[in-house]
Number of protein chains: 2
Amino acid sequence: MNNLLKYIRSLTDFSDQSWELLQGALTKKEFKKNDYLLNEGQVCNSLFYIERGYCKSYYVIDGAIKNTGFFFENDIATNISSFGNGQKSTYAIVACEPLTAIVFDKDNLFQASKQSSEIEALGRNCIRLFAIKQEEFSTLFNLYSAQERLEYLESNHPEILQRVSLTQLASFLGVARETLSRIRKRRVLT
Amino acid sequence: MNNLLKYIRSLTDFSDQSWELLQGALTKKEFKKNDYLLNEGQVCNSLFYIERGYCKSYYVIDGAIKNTGFFFENDIATNISSFGNGQKSTYAIVACEPLTAIVFDKDNLFQASKQSSEIEALGRNCIRLFAIKQEEFSTLFNLYSAQERLEYLESNHPEILQRVSLTQLASFLGVARETLSRIRKRRVLT
DNA sequence: GGCTACCTGTGATAAACGTCACATAATTAC
DNA sequence: GTAATTATGTGACGTTTATCACAGGTAGCC
């Protein structure tokens, strides 16, 4: 839990009292590789703070898996629109390694928010960070070619390249596995 | 201002008293076509509620303009990461038509938030909607081809197609102007 | 060890897309 | 109204990428 407290305090002022109060909304949970944090069609009632391991979000389109995000230690994973609106999720989130998460329960978190403006502010900041991250990757696809997207990740998110296989990464970058293999080869030679 | 109040009440409970209090953070502002709501390099201290007209966000990459978003009546336009972190904006927002906006000033809004939990909740909901919109378009690029992206807009955001020129739209969809022209032709014939 | 599942590299070929060039609307400026 | 600017359509051509096919590599499991 200590990592989480550090993480929270990097975002916003947070008293010991708020931390105490927040405990009622938190559960530690272990996932095996390929366990679902969130399944397609399910309503998302949690924020998952990733303590150890990593997971990915993906869609299944015409039988093919399309990765849309990776979440590592000190990230929050969730489906923000399902969490906020109570709609069924159109995608799944699955553990790619054995994973330890601290789960924020929505109802309990809302209760706690009403009792502490610091917890309220924490929620706001989590959403804000999530929005910024979405904007970053949305822009990435809008502006750059596959090769430039790869270079961007190398510069700005090397942890993804280190931990995710080429096949998984290709799906995330929106190119065929073979194409990514060739881009990488081209870049080594020149 | 009446439209704004309706919009706010569609998002969250909002008393007349909160509305009164919020006034101190609001200014109505008129923009001519091609006026900047936000320029590149500037810090974004505002949320712009679009009352009439529309605007777009865009990057300039190697001298070429790349559109990343369009904002119409009843949308909130802002640079969420600049607004939140106080960093300089890496892109611009410009009026595409004569435009009327109600501008939320950041500092005054924060002051008002402290005095009313409803205003606080409003801020949170605006950020949340922004995050959902970003996620939607991020996914769109990740999952679909140019033609499918066009079809998605036709089904889900017809207002964009009705009001934005082909050249502007092509830049937003991430394809060459000529390609979009051909896609459209192909679709009419089949 | 041997089986299985998954991952990576590479060639051949076809489809999609970008770029350049130019013609023709449509819109805006004066 | 006329000129200038901007937007659109279309052909030709080259580049990038997807797809299919197959070979070899790696890791976990019994």
Taking for each residue the nucleotide of DNA chain D bearing the nearest heavy atom, is the 5' side occupied by A:Gly174 or by B:Thr167? B:Thr167
Its 5'-most and 3'-most nucleotides having an atom under 4.0 Å from a non-hydrogen atom of chain B, DNA chain D is contacted over D:dA7 to D:dA12
Spacing of [X] atom [atom1] relative to [N] atom [atom2], expressed in whole Å:
X        : N      : atom1 : atom2 : value
B:Gln168 : C:dT27 : CD    : C1'   : 14 Å
A:Tyr144 : C:dG18 : OH    : C1'   : 18 Å
B:Leu180 : C:dT19 : CG    : P     : 15 Å
B:Lys185 : C:dC17 : NZ    : C1'   : 16 Å
A:Glu178 : C:dG9  : CD    : P     : 11 Å
B:Asp62  : C:dT19 : CG    : P     : 11 Å
B:Gln147 : C:dC17 : CD    : C1'   : 13 Å
B:Glu97  : C:dT28 : CD    : C1'   : 15 Å

Whichever of A:Leu166 and B:Lys33 has the more 5' nearest nucleotide on DNA chain C, that residue is A:Leu166
Does OP1 or OP2 of C:dG9 have a side-chain N or O of A:Arg177 closer than 4.0 Å? no
Taking only side-chain N and O atoms of A:Ser181, does any of them lie within less than 4.0 angstrom of OP1 or OP2 on C:dG9? yes
Measure the shortest side-chain to side-chain distance between B:Lys88 and B:Glu40 over non-hydrogen atoms and say whether it is less than 4.5 angstrom. no
Taking atom types as modelled, find out whether [X] and [Y] have a side-chain donor-acceptor pair closer than 3.5 angstrom.
X        : Y        : value
B:Tyr91  : A:Glu135 : yes
A:Gln168 : A:Asn67  : yes
B:Tyr49  : B:Asp75  : no

Determine, step by step, whether B:Phe137 and B:His157 satisfy the ring pair (Phe, Tyr, Trp, His ring centres under 6.0 Å) criterion, reporting the C-alpha distance in whole Å, the side-chain angles of both residues, the deciding distance to 0.1 Å, and the verdict. CA-CA 11 Å; B:Phe137 286 107; B:His157 298 277; 5.5 Å; yes
For the residue pair B:Ala25 and B:Leu109, what are the closest heavy atoms and their distance? CB-N, 3.7 Å
Would you call B:Glu73-B:Arg163 a salt bridge at under 4.0 Å N-O? yes
